[in-house]
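Here is how names work: the chains are called A, B, and so on, in the same order as the sequence lines, proteins then strands, and each is numbered from 1.
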Amino acid sequence: MEAVPAIPGALLKWLARPADVVAPGLLGAQLLRTTAEGSVGVRITEVEAYLGESDPGSHAFRGQTNRNKAMFGPAGHIYVYFTYGMHHCVNIVCGHAGIATGVLIRAGEVTHGRELAYRRRTSAKNDTELARGPGRLAQALGLTLADNGRAFASGALELRLPATPAPAAHVRSGPRVGVSGEGGTDSYPWRFWLEGEKTVSPYRAAKPRRRSDG
DNA sequence: CGAAAGATCTACT
DNA sequence: GTAGATCTTTCGA
């Protein structure tokens, strides 16, 4: 019986802060996912912070539900949710148990296991499209609802922080993508990305969707 | 039970 | 670059 490795203490401590503080530090970090199929790793280029129950853009805004309970857990885990009937999105849970703060990983550059990533992302025409966007990134890494609540505790899922933080001049911030009705929070720059990266998803203002009969 | 969902794909200009 | 269709889960009533 193998012992389950604990979440590295330094990483846990680093993550146990509000998401808007953690988020810019995740730029340039490596996220690695290993399954029986192999390993895929991405270098994170774009993130968004979600600040918890007081944040109207957060899934946690209306309190804890069965879906978002992973966000209410301790730092060092991922919160994976399914949306639009097709896509998975990955968040890194920050803060402390009971505080629903986390960072949505919006985009990255595939740096390891490119071949496997292409097999999972059959529609990708080039390396840039492998993990450009939160749904694509989750698919490239092979993360699904089955991985909701998974810890950075074993070789199956690892987070490696950059040796040196991204230089401030290289980090940009702005309003979040696809979050409508933010009210007074729309002026908060809770989206962070690395300037000049091809893998950063293009900004799209939140638009009301019409049903197909309309 | 009905409506909405942290987006992506494909087709067309 | 822009526009429209898409699917299943999840939540609240």
Side-chain angles (χ1 to χ4, degrees), chain A residues 18-20 22-24 26-27 31 42 44-72 77-95 100-110 117-149 173-193 198-214:
Chain A
D20 57 330
V22 172
L26 286 172
L27 295 172
L31 187 58
V42 302
I44 297 170
T45 58
E46 182 185 359
V47 298
E48 276 179 14
Y50 287 85
L51 275 284
E53 291 180 88
S54 59
D55 176 359
S58 172
H59 281 176
F61 182 53
R62 293 205 270 177
Q64 182 170 347
T65 65
N66 194 50
R67 175 212 222 179
N68 66 22
K69 63 183 175 190
M71 272 251 272
F72 286 80
H77 298 250
I78 58 173
Y79 162 47
V80 182
Y81 63 85
F82 189 70
T83 191
Y84 287 99
M86 301 172 246
H87 305 298
H88 298 275
C89 295
V90 180
N91 297 258
I92 293 178
V93 178
C94 303
T101 180
V103 179
L104 170 68
I105 309 301
R106 287 198 58 84
E109 170 193 7
V110 174
Y118 267 110
R119 258 184 283 150
R120 288 174 174 153
R121 296 265 312 112
T122 52
S123 63
K125 294 190 280 292
N126 54 58
D127 291 359
T128 302
E129 293 185 353
L130 284 174
R132 186 194 201 205
R136 293 163 166 180
L137 183 141
Q139 190 178 21
L141 290 174
L143 292 170
T144 69
L145 279 179
D147 298 294
N148 186 23
S173 62
R176 292 180 296 196
V177 176
V179 178
S180 55
E182 285 192 86
T185 68
D186 56 7
S187 59
Y188 288 76
W190 283 334
R191 172 177 176 242
F192 302 89
W193 68 96
K198 295 198 250 329
T199 51
V200 174
S201 53
Y203 178 77
R204 283 175 66 173
K207 259 192 323 194
R209 295 185 313 119
R210 303 177 60 188
R211 299 192 67 85
S212 53
D213 65 1

Student: Go nucleotide by nucleotide along DNA chain C from the 5' end; which of A/His87 and A/Asn66 gets its closest nucleotide reached first?
Tutor: A/His87

Student: Would you mind reading off the distance between A/Leu145 atom CG and B/dA5 atom P, rounded to a whole angstrom?
Tutor: 18 Å

Student: Kindly say if A/Arg121 contacts the phosphate of B/dC9, meaning a side-chain N or O under 4.0 Å from OP1 or OP2.
Tutor: yes

Student: Find the distance A/His59:NE2 to B/dA5:C1' and express it as a whole number of Å.
Tutor: 7 Å

Student: The side chain of A/Arg136 lies closest to which of these nucleotides: B/dT8, C/dG12, C/dT9?
Tutor: B/dT8

Student: Specify the residues of residues 123-133 of chain A, ordered by number, for which at least one heavy atom lies under 4.0 angstrom from an atom of DNA chain B.
Tutor: A/Ser123, A/Gly133

Student: What residues form a side-chain contact (heavy atoms from CB on, under 4.5 Å) with A/Ala23, not counting sequence neighbours?
Tutor: A/Val47, A/Ala49, A/Val103, A/Phe192

Student: Taking the side chain as every heavy atom from C-beta outward, state whether A/Pro134 and A/Glu48 have any atom pair closer than 4.5 Å.
Tutor: no

Student: What is the distance, rounded to the nearest whole Å, between atom OH of A/Tyr84 and atom C1' of B/dA5?
Tutor: 5 Å

Student: Hey, does the side chain of A/Asn66 reach the backbone of A/Lys69 with a donor-acceptor pair shorter than 3.5 angstrom?
Tutor: no

Student: Can you check the A/Leu104 CG to B/dA5 C1' distance for me, whole Å?
Tutor: 13 Å

Student: Let me know the distance between CD of A/Glu46 and P of B/dA7, rounded to the nearest Å.
Tutor: 11 Å

Student: Could you give the CE-to-P distance, from A/Met86 to B/dC9, as a whole number of Å?
Tutor: 10 Å

Student: Taking only residues two or more places apart in sequence, or in another chain, which ones meet A/Tyr118 in a side-chain contact (heavy atoms from CB on, under 4.5 Å)?
Tutor: A/Arg114, A/Ala124, A/Asp127, A/Leu130

Student: Any chance you could encode DNA chain B as dot-bracket? Rule is Watson-Crick or G-U wobble with both distances under 3.5 Å; [ ] for pairs crossing earlier ones, | for another strand.
Tutor: |||||.||||||.

Student: Report the distance from atom CD of A/Gln64 to atom P of C/dT10, rounded to the nearest whole Å.
Tutor: 15 Å

Student: For A/Lys198, enumerate each residue passing the side-chain contact (heavy atoms from CB on, under 4.5 Å) test, keeping only those at least two apart in sequence or located in another chain.
Tutor: A/Thr128

Student: Of all residues at least two apart in sequence or in a different chain, which pass the ring pair (Phe, Tyr, Trp, His ring centres under 6.0 Å) check with A/His87?
Tutor: none

Student: What is the distance, rounded to the nearest whole Å, between atom CZ of A/Arg62 and atom P of B/dA4?
Tutor: 11 Å

Student: Quick test of your reading: applying side-chain hydrogen bond (donor to acceptor under 3.5 Å, both in side chains), list the pairs with at least one residue in residues 133-148 of chain A, sequence neighbours left out, ordered by first then second residue.
Tutor: A/Arg33-A/Asp147, A/Arg121-A/Gln139, A/Asp147-A/Arg150

Student: Quick one: list whatever passes ring pair (Phe, Tyr, Trp, His ring centres under 6.0 Å) with A/Tyr81, sequence neighbours left out.
Tutor: A/His59, A/Tyr79

Student: Excluding sequence neighbours, so at least two apart, what forms side-chain contact (heavy atoms from CB on, under 4.5 Å) with A/Arg62?
Tutor: none

